[in-house]
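Each chain gets a letter, A, B and so on, in the order the sequences are listed, and its residues count up from 1.
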Protein chains: 2
Amino acid sequence: MFNFGPEMTKTPKDSSTEEKIKEAARRVFMAKGFDGCSSREIAREAGMNVALVNYYFRSKSQLFQLIFRSTLEDFLLSMMDIFESDMPLENKVRIFIEREYEFLSRHPEMPVFIMSEIRREDACEINNMNMVERIAATGVFDEALKAQEEGRMRKIDIISTMIIMMANCQFPFLASPLIKGMHKLTDEQFEQQLLLHKQYVTEMMMGYLFPVKQ
Amino acid sequence: MFNFGPEMTKTPKDSSTEEKIKEAARRVFMAKGFDGCSSREIAREAGMNVALVNYYFRSKSQLFQLIFRSTLEDFLLSMMDIFESDMPLENKVRIFIEREYEFLSRHPEMPVFIMSEIRREDACEINNMNMVERIAATGVFDEALKAQEEGRMRKIDIISTMIIMMANCQFPFLASPLIKGMHKLTDEQFEQQLLLHKQYVTEMMMGYLFPVKQ
DNA sequence: CAAGAATTTAAACACTTGTTTAAAACAGTT
DNA sequence: AACTGTTTTAAACAAGTGTTTAAATTCTTG
């Protein structure tokens with residue numbers, strides 16, 4: 001009689017068209033944003049019928065929520081996995097920067113997608129993600145506190161420390177069209193600049209957060 | 001016979017409705033982006049008829065180009081006016097940061113507007129703005145080069161220097177919804193954090209760009 | 001194979017989009 | 001007052017929007 005959609009029944013092979021639509025949506029949303037694309041464009045990108053988008057995900061908005069949430073999750077995890085290892089804090093920070101540049105080189109559109117789409121009411125689940133709590137659970141904040149008490153680390157509150165690290169890692173990717181446009185850089189020149197920049201900001205942040213005594 | 005629109009005739013009182021529409025468009029575009037709003041919404045915000053938008057600006061796209069270009073210009077000028085004064089380079093950098101935070105506190109949505117909308121083909125006039133050339137004309141790059149030769153300034157290429165300064169000034173505003181969401185900050189708490197952060201990044205950048213000899 | 005459920009399709013729904021049209025209202029000049 | 005050109009309006013245009021419907025197809029299982 002009634003059709004409750006696929007979520008209720010969960011076919012064994014985990015419906016590859018569902019996955020195809022999700023991946024298409026991820027690409028299109030990332031490139032153009034929620035308002036910049038249509039359901040039909042997503043369906044076309046996936047090689048599917050329009051109605052399937054709503055058949056599997058009920059609405060464009062719910063599909064977007066799904067994509068945005070999982071993107072934010074990837075984004076968070078990329079920052080977290082370093083902190084769980086056991087090495088000196090100084091090394092963690094150094095490797096964090098390294099990994100972050102590597103991750104963002106593979107997903108250069110991610111920061112601008114997050115920063116621009118986070119304003120939508122569709123995307124208000126940041127509060128429910130417990131991002132800071134989960135990072136705190138790695139123990140890295142305690143390490144920082146301890147390092148500060150021992151005088152190895154500069155006494156800066158943790159929020160500013162995070163902003164500094166995120167800013168100097170993410171901004172070059174956030175502003176890449178502006179930077180390329182301003183300095184008339186080709187893609188290859190920009191990539192070269194990124195490598196150089198990573199070294200500078202590593203030097204700068206390490207020198208600031210972990211000053212040598214004298 | 002034909003109606004060429006108001007640009008051809010330029011009434012003396014400089015048509016205040018034209019200005020009203022432009023200001024409404026600026027507000028709406030800034031808040032929602034080009035794709036996130038309609039011509040009718042802009043007209044409504046301006047208290048005008050829809051047709052007037054196209055009567056004065058020919059199309060939504062041309063109106064957007066106008067707004068985006070002038071925003072980019074404001075953005076550039078806010079960075080430039082410091083460099084033209086005559087004071088030691090160190091002071092210029094210090095005051096640049098101060099002014100940039102002050103400017104962005106008054107226009108907090110500007111960075112995310114620029115970074116997200118710059119991808120549009122509507123907005124491809126960055127190349128024609130000669131941003132770097134105009135900054136170079138202030139002589140600040142030459143000053144930096146001289147300071148580097150004299151050993152007062154660290155030897156970093158000018159592009160990375162600019163990215164570092166832009167990143168640490170603009171990122172907190174770019175990521176403000178994310179930061180507020182992550183750390184569950186109220187608007188007042190965030191403003192407090194901004195003040196603190198400005199001090200930290202000033203200290204960090206000054207220390208890095210102008211290291212004390214030993 | 002046949003029955004029933006799950007998937008896919010084309011078509012339609014009501015509504016919004018950017019833009020244009022043609023008439024109306026306004027202004028200024030003689 | 002009548003004619004001028006300019007500004008404003010309501011209405012219409014075709015095209016595109018998210019979403020739904022109901023029929024067609026495919027798949028699964030008895």
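Contacts of A:S61 with the nucleic acid, taken as non-hydrogen atoms under 4.0 Å apart, are absent.
Atom P of nucleotide C:dA14 and atom CG of A:N54 are separated by 18 Å, given to the nearest angstrom. Between the CZ atom of B:F64 and the P atom of C:dT19 there is a distance of 14 Å, rounded to whole Å. Separating the CD1 atom of B:I21 from the C1' atom of D:dT7 is a distance of 11 Å, rounded to the nearest angstrom. Atom NZ of B:K32 is separated from atom P of C:dT17 by 10 Å (rounded to the nearest Å). The separation between B:E41 atom CD and C:dG18 atom C1' is 14 Å, rounded to whole Å. The distance from atom CD of B:E18 to atom P of D:dT7 is 9 Å, rounded to the nearest whole Å. Look at CG on A:L52: it is 14 Å from P on D:dT26, rounded to the nearest Å. Between the CD atom of B:Q62 and the C1' atom of C:dG18 there is a distance of 13 Å, rounded to whole Å.
One finds a side-chain N or O of B:S38 lying less than 4.0 angstrom from the OP1 or OP2 phosphate oxygen of C:dT17. Listed pair B:T17 / D:dT8 meets the phosphate criterion, a side-chain N or O lying under 4.0 Å from OP1 or OP2. The side chain of B:S39 contributes an N or O atom lying less than 4.0 Å from OP1 or OP2 of C:dG18.
For A:L104 against A:P111, the heavy-atom pair with the smallest separation is CD2-CG, 3.7 Å. Closest non-hydrogen pair, A:Y208 versus B:E203, comes out as OH-OE1, 2.9 Å. In this structure, B:V132 and A:M182 approach most closely via the heavy-atom pair CG2-O, 3.2 Å.
Electrostatic pairing of A:E23 and A:R26 counts as a salt bridge here, judged by a charged N lying under 4.0 Å from a carboxylate O. With respect to the salt-bridge test (charged N to carboxylate O, under 4.0 angstrom), the residues B:K32 and A:D35 do not qualify. With respect to the salt-bridge test (charged N to carboxylate O, under 4.0 angstrom), the residues A:K184 and B:E133 qualify.
Counting only heavy atoms from C-beta on, A:Y55 has its side chain closest to C:dT7 among C:dG18, D:dG18, C:dT7.
Across A:F190, A:F103, A:Y101, A:F113, a single residue satisfies ring-ring contact (aromatic ring centres under 6.0 Å, His included) together with A:F173, and that is A:Y101.
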Per-residue pairing states of DNA chain D in dot-bracket (Watson-Crick or G-U under 3.5 Å; . unpaired, | other strand) read |||.||||||||||||||||||||||||.|
Please list every donor-acceptor pair under 3.5 Å in which a side-chain atom of residues 157-164 of chain A meets a protein atom from a residue at least two apart or in another chain.
residue: A:D157; atom: OD2; partner: A:I159; partner atom: N; Å: 3.4
residue: A:D157; atom: OD2; partner: A:S160; partner atom: N; Å: 3.3
residue: A:D157; atom: OD2; partner: B:Q193; partner atom: NE2; Å: 3.0
residue: A:S160; atom: OG; partner: B:Q193; partner atom: NE2; Å: 3.1
residue: A:S160; atom: OG; partner: B:H197; partner atom: ND1; Å: 3.0
residue: A:T161; atom: OG1; partner: A:D157; partner atom: O; Å: 3.0

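Remark: the backbone N or O of A:E45 is not paired with any side-chain donor or acceptor of A:K20 at under 3.5 angstrom.
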Can you tabulate the close N/O pairs, meaning under 3.5 Å, that link protein atoms to atoms of nucleotides 10-13 of chain C?
residue: C:dA12; atom: N6; partner: A:R40; partner atom: NH2; Å: 3.3

